[in-house]
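These numbers were taken from a predicted model, which means no experiment stands behind them. Below, chain A is the first sequence line, B the second, and so on; all start at residue 1.
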Amino acid sequence: MKEESFFELVYDVVSLIPPGRVTSYGAIARYLGSPQAARTVGWALNKSFSSAGFIPAHRVVNRNGLLTGKFHFGYFEAMKELLESEGIRVDHDCVVDFERLFWDPSKELDGLAFIIEEDE
DNA sequence: GTTATGACTGCGA
DNA sequence: TTCGCAGCCATAA
């Protein structure tokens, strides 16, 4: 069963991001096997608003820790407030201590009984 | 069916 | 240092 597409996997990974943590599009994409498919990750999140349940897309930022998709949340401070609500400090649309809060699925989920990457 | 775009990333000049 | 281009997957027109 792992017929899930790249698209579906994004939802799974993003949904697994623990509160107070953030990750990058490239990290997710890399975990899925295509580090350069980060664009698709962002695109998936864009649809997440009208697709799957709630996707903590606010925990997903670009490699610089910059809230690049903030303007997709309705208003610019929405993403920031969501992050601060989880204890993540955001300064000028940039995640503070981004590398410290960085949550890498290929690391955190490495070895865990995840849903994908185990169809063999 | 093809073409264009998108919340990205990495490398080259 | 900054600027520009190419690559990846999926959706929309």
Check: Quick one: A:Trp43 CH2 to B:dG6 C1', roughly how many Å, whole number?
Finding: 5 Å
Checklist line | Distance in angstrom units between A:Gln36 CD and B:dA7 C1', rounded | finding: 18 Å
Item checked: NZ on A:Lys47 to CD1 on A:Ile55, rounded to 0.5 Å -> 11.0 Å
Notebook entry, point to check: Rounded to the nearest 0.5 Å, how far apart are OG of A:Ser15 and CZ of A:Phe54?
Noted result: 9.0 Å
Name the atoms and distances for all side-chain donor-acceptor pairs under 3.5 Å in residues 33-43 of chain A, with sequence neighbours left out.
unit_1	atom_1	unit_2	atom_2	d
A:Thr40	OG1	A:Ala37	O	3.4

Checklist line | Nucleic acid contacts of residues 77-100 of chain A, taken as heavy-atom distances under 4.0 Å to DNA chain B | finding: none
Between side-chain atoms of residues 63-73 of chain A and protein atoms elsewhere (two or more places apart, or another chain), which donor-acceptor pairs fall under 3.5 Å?
unit_1	atom_1	unit_2	atom_2	d
A:Thr68	OG1	A:Tyr25	OH	3.4
A:Lys70	NZ	A:Asp93	OD2	2.6

Next item on the list: Could you list where the contact with chain A starts and ends along DNA chain C, reading 5' to 3', using a 4.0 Å heavy-atom cut-off?
Entry: C:dG7 to C:dT11
Checklist line | Results of side-chain contact (heavy atoms from CB on, under 4.5 Å) for A:Ile17 - residues two or more places apart only | finding: A:Val14, A:Arg21, A:Thr23, A:Arg59, A:Val60, A:Trp103
Notebook entry, point to check: In residues 57-73 of chain A, what residues come within less than 4.0 Å of DNA chain B, judged by heavy atoms?
Noted result: A:Ala57, A:Asn62, A:Arg63, A:Thr68, A:Gly69, A:Phe71, A:His72, A:Phe73
Notebook entry, point to check: Got a second to check how far A:Leu45's CG is from A:Phe7's CZ, nearest 0.5 Å?
Noted result: 8.5 Å
Check: Expressed in angstrom and rounded to an integer, what is the separation of A:Phe6 atom CZ from B:dA7 atom P?
Finding: 17 Å
Note to self: Could you measure the distance from the CZ atom of A:Phe98 to the CD1 atom of A:Ile88? Nearest 0.5 Å is fine.
What the structure shows: 10.0 Å
Note to self: Would you say A:His58 and A:Glu81 are linked by a side-chain donor-acceptor pair, where the criterion is simply a distance under 3.5 Å?
What the structure shows: no
Notebook entry, point to check: What closest approach, in Å, do A:Phe6 and A:Ala29 show between heavy atoms, and which atom pair accounts for it?
Noted result: CZ-O, 4.0 Å
Next item on the list: Kindly indicate, with the supporting measurements, whether the criterion side chain to side chain contact (heavy atoms under 4.5 Å, CB included) is fulfilled by A:Val90 and A:Met79.
Entry: CA-CA 9 Å; A:Val90 179; A:Met79 192 170 184; over 6 Å; no
Next item on the list: May I have the distance from A:Ile28 (atom CD1) to B:dT9 (atom P), rounded to whole angstrom?
Entry: 10 Å
